[in-house]
Amino acid sequence: MLSRPLLILDIDETLIHGREEPLDRPCEFRAGQYHIYERPHLSQFLDVVSEQYDLACWSSATHDYLEIVVNTITNNLDEPLLFVWDRSRCTRRTDFTLQEEYFLKDLQKIKKKGFDLERVLILEDEPRKVNRHFGNAIFVRPYLGALDDNELPKLASYLESIASISNFRDLEKRNWRSIAEKL
Ligand SMILES: [Mg+2]
């Protein structure tokens with residue numbers, strides 16, 4: 001019997017787009033000074049994937065911002081997220097080429113919590129944030145507010161189709177979008 005898989009959600013530019021200056025339409029809600037735009041089909045996406053996956057969130061955002069965003073977008077879910085991790089759980093790294101800092105999500109921390117990484121997936125729009133664990137990652141196109149964005153319905157179909165695979169790390173996932181389009 002396979003354990004229930006864990007899907008770790010990124011927030012910014014994966015599920016929502018938050019910005020200080022509003023777009024040319026009203027935002028769905030505010031988090032502090034940020035206008036938050038939900039990626040189209042977000043609530044349906046969370047509904048569908050929560051049937052087969054335990055959900056959690058790991059973001060490099062700050063605690064207070066994350067709390068507002070996560071509480072708002074998961075408000076209608078039957079089951080709470082298993083955990084919500086913020087920037088303090090990330091590892092600070094420097095990209096010397098770009099001369100900037102970024103935050104790494106080291107999945108060894110998930111393993112230490114007792115999760116079997118073969119049954120863990122992490123959604124990300126920024127590959128370098130999971131660069132030690134590409135085998136667990138599904139990369140999405142960054143969401144910047146487009147109303148015709150269709151990434152989440154495709155992703156939900158794909159995630160449903162692979163939920164019973166025993167080792168996600170062995171699965172080629174870079175082609176997920178083209179597979180989803182054929183489902
Ligand atoms: Mg992101």
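For ligands, and for the atoms within them, numbers begin at 1 and follow the listed sequence. Keep in mind that the numbers below use all heavy atoms, side chains included, and drop hydrogens, waters and symmetry copies.
- Between the side chains of D12 and Y34, not a single donor N or O lies within less than 3.5 Å of an accepting N or O.
- For the residue pair T91 and D106, no side-chain donor N or O sits within less than 3.5 Å of a side-chain acceptor on the partner.
- Within D12, O is the N, O or S atom that lies nearest to the Mg ion (ligand 1).
- Under the 4.5 Å side-chain criterion, counting only non-hydrogen atoms from C-beta, N131 is in contact with L104.
- Here D10 meets the criterion, with an N, O or S atom under 2.8 Å of the Mg ion (ligand 1).
- No more than 12 heavy atoms of other residues, nucleotides or ligands lie within 6.0 Å of CD in E21, so this atom counts as exposed by the packing criterion.
- The atom of D125 nearest to the Mg ion (ligand 1) is OD1, with the search restricted to N, O or S atoms.
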